[in-house]
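Single-structure report; data block below.
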2 protein chains.
Amino acid sequence: MSGPDAPSAREQILDAAEALFARKGLDATTIKDIGAAAGQNPALLYYYFGSKEELYRAVLQRVLSDMAARGGAAVDSAPAPADAIRAVVAAQMEFVLGHPNAPRLLVRELIDHEAREAEALLLQSAATLFERLCGVIAAGQRDGSFRGDLEPRFAAISTIAQVVYFTIARPAIGLFLRAGARGVPEATAKQFARHAGDFAVGALSTAETT
Amino acid sequence: MSGPDAPSAREQILDAAEALFARKGLDATTIKDIGAAAGQNPALLYYYFGSKEELYRAVLQRVLSDMAARGGAAVDSAPAPADAIRAVVAAQMEFVLGHPNAPRLLVRELIDHEAREAEALLLQSAATLFERLCGVIAAGQRDGSFRGDLEPRFAAISTIAQVVYFTIARPAIGLFLRAGARGVPEATAKQFARHAGDFAVGALSTAETT
DNA sequence: GTCTATAGGTGGATAGAC
DNA sequence: GTCTATCCACCTATAGAC
């Protein structure tokens with residue numbers, strides 16, 4: 001009946017809530033904020049989602065499954081471990097630039113609720129992604145291209161930390177890099193992503209790179 | 001008159017506010033929460049700090065100057081660039097384990113206010129620390145112990161990202177490492193800090209590390 | 001499915017006694 | 001300096017008309 005191209009009231013609420021939860025947090029975002037941003041009646045939120053918290057969980061679920069889908073492709077994209085590492089880091093930055101809400105939302109969830117709301121979602125999406133990244137590192141260690149004295153799980157954490165930190169700390173990094181008053185330009189973010197791939201591969205490799 | 005050893009009402013409010021702002025955030029923490037946690041009358045907050053926001057800024061200021069003081073010592077602690085890098089990473093983890101409130105508080109500030117409240121404080125403390133870390137990396141590049149093809153500022157970001165990310169993502173990392181239901185033990189955090197020093201030095205060095 | 005109106009509760013901040 | 005009492009604004013959620 002109503003085509004899937006015309007965004008339903010439900011989807012408009014979901015989109016508006018995602019943006020507001022990311023920018024202001026669950027607590028500081030009011031039902032009326034969401035209604036106004038969605039161009040819908042605030043009371044509709046209760047009709048579709050039951051409560052503000054259930055809406056929040058719906059938002060988290062959508063972001064996490066999106067992230068897992070994109071991340072999975074990157075791990076498989078290259079046969080050589082070093083190239084796969086670079087691909088994962090590049091995909092991370094691409095995802096984050098395309099979904100600026102995602103990192104804010106997830107970091108808030110980690111700090112505000114210690115991942116309680118997202119625990120089940122993390123285990124069925126991000127955790128398998130993490131395991132596969134660890135697998136790539138272990139494979140590199142077996143074929144001799146990576147140093148054997150690093151713990152693969154720790155190395156995976158160090159690898160993905162770079163882009164996440166860059167994104168979260170972007171206002172501070174803007175100050176550090178003395179890049180004007182308003183944040184870090186996207187071009188710099190892309191340069192950093194290339195650097196982060198090199199940095200991780202350099203840390204993992206037995207010989208110097210390039 | 002009243003000795004500096006007996007914590008004043010003002011200090012008790014400051015301590016309680018720091019813990020609550022770190023755990024629940026500025027918005028979700030109420031004046032009455034702070035008063036109860038401090039064992040003081042909530043109205044005293046206005047007598048000493050004028051408003052909740054001014055109290056928040058006072059908390060941020062104390063944490064940031066503490067962090068800058070500890071970080072400064074680490075940069076100077078070793079003559080060789082590689083050792084200085086390791087010292088900085090180790091100091092980061094020590095600071096964070098001793099002040100669990102600090103990273104939460106700062107990350108919240110970055111996400112909630114894009115560092116607006118902390119901008120002046122960051123520029124007079126963290127920024128100079130960051131510059132000095134960049135200086136250590138550049139020195140290593142000049143003396144030939146570090147690769148010359150990495151941008152020092154980016155390398156500094158990658159280096160400090162590790163411990164920060166590990167700390168913030170600790171609930172998720174607990175799930176990834178399958179370390180029980182309740183978080184990552186402190187021993188694992190210290191192991192990770194040693195790893196992170198190796199990882200950064202490995203990424204920066206021209207030859208493979210032992 | 002969408003809207004209005006409102007109940008019921010809580011929060012920041014102040015006035016003023018002591 | 002510390003406390004009680006309270007004002008006013010705002011928020012979540014629901015009831016019920018359309």
B/Phe49 CZ to C/dG12 P, straight-line distance once rounded to whole Å: 16 Å
Distance below 4.0 Å between B/Asn41 side-chain N/O and D/dT4 OP1 or OP2: yes
Nearest heavy atoms of A/Lys24 and A/Asp33, plus distance in Å: NZ-OD2, 2.9 Å
Salt bridge present between B/Arg132 and B/Asp76 (N-O < 4.0 angstrom): yes
For residues 120-131 of chain B, which side-chain donor-acceptor pairs fall under 3.5 Å, sequence neighbours excluded?
from: B/Ser125; atom 1: OG; to: B/Leu121; atom 2: O; distance (Å): 2.6
from: B/Thr128; atom 1: OG1; to: B/Ser125; atom 2: O; distance (Å): 2.9
from: B/Glu131; atom 1: OE2; to: B/Arg153; atom 2: NH1; distance (Å): 3.2

Euclidean distance, A/Arg62 CZ relative to A/Glu18 CD, rounded to 0.5 Å: 5.0 Å
N or O in side chain of B/Tyr47 less than 4.0 angstrom from D/dC3 OP1/OP2: no
Mutual orientation of the aromatic rings belonging to B/Phe192 and B/His195 [parallel < 30°, tilted 30-60°, perpendicular > 60°]: tilted
Between C1' of C/dG1 and CD of A/Glu11, the distance in whole Å: 16 Å
B/Asp112 and A/Arg23 ion-paired at < 4.0 Å: no
Gap between atoms CD1 and P, on A/Ile13 and C/dG1 respectively (whole Å): 12 Å
Minimum side-chain heavy-atom gap A/Leu14-A/Phe49 below 4.5 Å: yes
Flag side-chain contact, heavy atom, 4.5 Å: A/Val96 against A/Phe166: no
Enumerate the protein-to-nucleotides 7-9 of chain C contacts in which both atoms are nitrogen or oxygen and the separation is below 3.5 Å.
none

Nucleotide-resolved protein contact map, nucleotides 12-18 of chain D, B/S/- at heavy-atom distance under 4.0 Å: BBB----
Length of the line joining B/Leu44:CG and C/dT14:P, which is rounded to integer Å: 15 Å
